[in-house]
Amino acid sequence: MTGATQTTMDTTALKRDIYGLFINGESILSESGRTMNTYNPATGEKLAEVAKASSVDADQAVAAARHAFENGKWKKYPIGKRAKVLHKIADIMRERFNEIVELEILDTGKSLAAAQGQVTQAIENFEFYAGAIVGHRGTVNPMPGQFHNYTEKEPVGVCAQIIPWNYPIMMASWKIAPAIAVGCSIVVKPASLTPLTAIVLGEICSKAGVPAGVINIVPGSGSEVGNYLVEHLDVDKVAFTGSTPIGKDIMASASETLKRVTLELGGKSPNLVFEDADIDAAIAGSLFGIFYNTGQSCEARSRLYVHENVYEEFLHKFVEKTKQLKLGNPFDEGTHIGAIIDENQLKVIDGYVKSAKEDGAEILAGGKPAMIEGFENGYWYEPTVISGVTHEMTVVKEEIFGPVVIIMPFKEEKEAIKLANDTEYGLGSAIWSTNDARIKRVGGAIRAGIVMVNCPFSAFPGTPFGGYKQSGFGRELCIETLDLYTETKSILSYYGQRPINPFGI
Ligand code: NAP
Ligand code: MG
């Protein structure tokens, strides 16, 4: 049997040997019969088999989404009813919190604390949008005389949502929650390396009452299925989170059909420590800023600039603490740093560190793959601190996406701002200072979508997340995201006594 006619698979347990595509409310295998494996990066072992969508499956998913959008009831529900379903999704996720956390850890190799935090944020994001849509509405606009104008926010239609491997459940929630909140139908393409929690989230949404066809999940190859969705005539919008080069390709392809596009792309975020900073807080926050999620974060603060007057003290303590970070069993509560996503990424990271050495930089901590007892076949990299760099070096310019930070001293505020902005990216940034006027000045001068002030965290549900420059455009996680999933329709009416006859004939 093929496609949507296929026998529905059992989705009771979240941990399974095989995971299906989720199309039109059913968990099914690919019409092609193809599957792919997903691995546990901490051990290198095969974790599960996953149905691998073909373009025929993707087409079926788009057709299901289109049908649900045009003929279904979801977008016609009163807002309160949709909000209730979003709350129900959050409730089921809370009930199954430990199972989702376990699955996320197994599929990504991330630490328990990181996975718990991210699943929590995914849940809270559904709750946030359940509330946010209640206030998302059109406007009544000033008009002369007998005219009246108001606007309606209508769902944009069928959205393709393509997500990366570094925060699978969180990225899925950032995409799914606002889109379905406003009444869109969606086709989600998870990353091939980490498809599991997005698949189970789709199933949970269905159990919570999202009608068939509104949410479809199609794990499969980016160049095949992802690209197919971007080019599909029946897709109205593409929301993409991933690397800058693929984002550029997507923007070019989407222009053929003038799809709406939002892009959350890469980063090389600066972290500025001024001489008036609380140094211990700055050290703790800077450690978290780069090494959280094993450095595999788009907003990882990977360029650390410290005022020369406090540079030596900061450097000494920062390096000492970096060496204390504990790598190991992701399920251990004491583990700070989880695994690298796969062998390929491990090689990429090591390649960057080697290039830094060849360019004459100095490795102050780490600098090579790590051997972890009991996890010898997994992918691990030592938290790495690099000094003695110049701004021309590859390690300073390019996104590494691993636990590697460069550190440089600066003399003056102006120089710090110049260094911070000397990048093609503009996603995150951090300022450590106790001088309010300086914080305001520097924060205003940094060209980035996010400025963290004496704060190690970049986002909570409700706070806008997105980039300047080549970090993309559009903001997620916030109220304005709802605008990016809606079209504004202007309704202009005439209520005059006499008919209008502008041509006079
Ligand atoms: P990626 O290689 O760009 O892949 C992202 C997604 O796009 C995956 O689902 C991938 O599928 C798919 N894809 C690949 N080629 C495609 C194509 N030609 N057309 C359509 N889709 C395609 O990025 P990644 O390596 O997974 O993730 C790391 C990157 O994401 C980093 O650059 C990071 O900074 C960025 N990121 C940004 C944010 C943000 O909010 N700004 C958040 C997280 C991550 P496959 O998995 O099958 O290749
Ligand atoms: Mg995996």
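All values derive from a computational prediction rather than experimental measurement. One-based numbering along the sequence shown. Counting convention: from 1, in listed order, for ligands and their atoms alike.
The number of heavy-atom neighbours closer than 6.0 Å to NZ of Lys46, taken from other residues, nucleotides and ligands shown, is above 12.
With hydrogens and angles disregarded, no donor-acceptor distance shorter than 3.5 Å links the side chain of Asn293 to the backbone of Gly295. Using modelled atom types, one side-chain atom of Tyr19 and one backbone atom of Leu14 make a donor-acceptor pair closer than 3.5 Å. No donor-acceptor distance shorter than 3.5 angstrom exists from the side chain of Asn24 to the backbone of Ala64, with no hydrogens or angles considered. No donor-acceptor distance shorter than 3.5 angstrom exists from the side chain of Arg34 to the backbone of Ala51, with no hydrogens or angles considered.
Within the 4.0 Å heavy-atom shell around ligand 1 one does not find Ser297. By the 4.0 Å heavy-atom criterion, Asp249 is excluded from the residues contacting ligand 1. At a 4.0 Å cut-off, at least one heavy atom of Ser221 sits close enough to ligand 1 to count as contact.
For atom 10 (C) of ligand 1, the closest heavy atom belonging to the protein is Lys189 NZ, 3.9 Å. Ranking protein heavy atoms by distance to atom 28 (C) of ligand 1, first place goes to Phe401 CE2, 3.5 Å. Atom 24 (P) of ligand 1 has its closest protein heavy atom at Trp165 NE1, 3.4 Å. Of all protein heavy atoms, the one lying nearest to atom 42 (C) of ligand 1 is Cys298 SG, 2.9 Å. In terms of protein heavy-atom proximity, atom 15 (N) of ligand 1 is closest to Ile246 CD1, 3.5 Å. In terms of protein heavy-atom proximity, atom 32 (O) of ligand 1 is nearest to Glu399 OE1, 2.7 Å. Scanning the protein heavy atoms around atom 13 (N) of ligand 1, the nearest turns out to be Gly222 CA, 3.4 Å. At the shortest separation from atom 1 (P) of ligand 1 among protein heavy atoms lies Ser243 OG, 3.6 Å.
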| message | Does Leu229 form a side-chain contact (heavy atoms from CB on, under 4.5 Å) with Val218? I'd like the steps, not just the answer. | response | CA-CA 10 Å; Leu229 292 171; Val218 287; 4.2 Å; yes

| request: Apply salt bridge (charged side-chain N to carboxylate O under 4.0 Å, His left out) to the pair Arg260 and Glu487, showing each step before the final yes or no. | output: CA-CA 10 Å; Arg260 282 83 186 106; Glu487 298 279 15; 2.7 Å; yes

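Figure legend: Lys368 and Tyr381 shown without cation-pi pairing, the cationic atom not lying both under 6.0 angstrom from the six-membered ring centre and within 45 degrees of its axis.
For atom 30 (O) of ligand 1, the nearest non-hydrogen atom from the set Ser223, Gly266, Ala160, Gly242 belongs to Gly242. Among Asn293, Asn166, Ile163, the residue whose heavy atom lies closest to atom 43 (C) of ligand 1 is Asn166. For atom 40 (O) of ligand 1, the nearest non-hydrogen atom from the set Glu264, Glu299, Glu231 comes from Glu264.
By the criterion of a heavy-atom distance under 4.0 Å, the side chain of Ile162, and not its backbone, is placed next to ligand 1. Counting heavy atoms under 4.0 Å from ligand 1, residue Pro164 touches it through both backbone and side chain. No part of Glu476 comes within 4.0 Å of ligand 1, judged by heavy-atom distances. Only the side chain of Ile250 comes within contact range of ligand 1, with a heavy atom under 4.0 Å; no backbone atom does. Contact annotation: for Pro190 versus ligand 1, heavy atoms closer than 4.0 Å belong to the backbone alone.
Heavy-atom contacts of Leu427 reach the following atoms of ligand 1: 41 (N) (cutoff under 4.0 Å). Ligand-side atoms of ligand 1 in range of Gly226: 19 (N), 20 (C), 21 (N), range being under 4.0 angstrom from any heavy atom. Near Gly220, meaning under 4.0 Å from any of its heavy atoms, are these atoms of ligand 1: 47 (O). Annotation for ligand 1: atoms under 4.0 Å from non-hydrogen atoms of Ala191 are 9 (O), 46 (O). If you number the atoms of ligand 1 from 1 as listed, the ones under 4.0 Å from a heavy atom of Thr241 come out as 5 (C), 36 (N), 37 (C), 38 (C), 39 (C), 40 (O), 42 (C), 43 (C), 44 (C). The contact set between ligand 1 and Ser192, taken as ligand atoms under 4.0 Å from a residue heavy atom, comprises 45 (P), 46 (O), 47 (O).
The line from CD1 of Ile186 to CD1 of Ile215 is 4.5 Å long, rounded to the nearest 0.5 Å.
When only modelled atom types and interatomic distance are considered, Lys52 and Ser192 share no side-chain donor-acceptor pair under 3.5 Å. A donor-acceptor pair shorter than 3.5 Å cannot be found between the side chains of Tyr379 and Gln345. No hydrogens or angles considered: a donor-acceptor pair under 3.5 Å links the side chains of Glu49 and Thr35.
Phe465 has its ring centre less than 6.0 Å from the ring centre of Trp174. Less than 6.0 angstrom separates the ring centroid of Phe457 from the ring centroid of Phe288. The aromatic ring centres of Phe410 and His391 sit 6.0 Å or more apart.
Less than 4.0 angstrom separates atom 4 (O) of ligand 1 from none of the non-hydrogen atoms of the protein.
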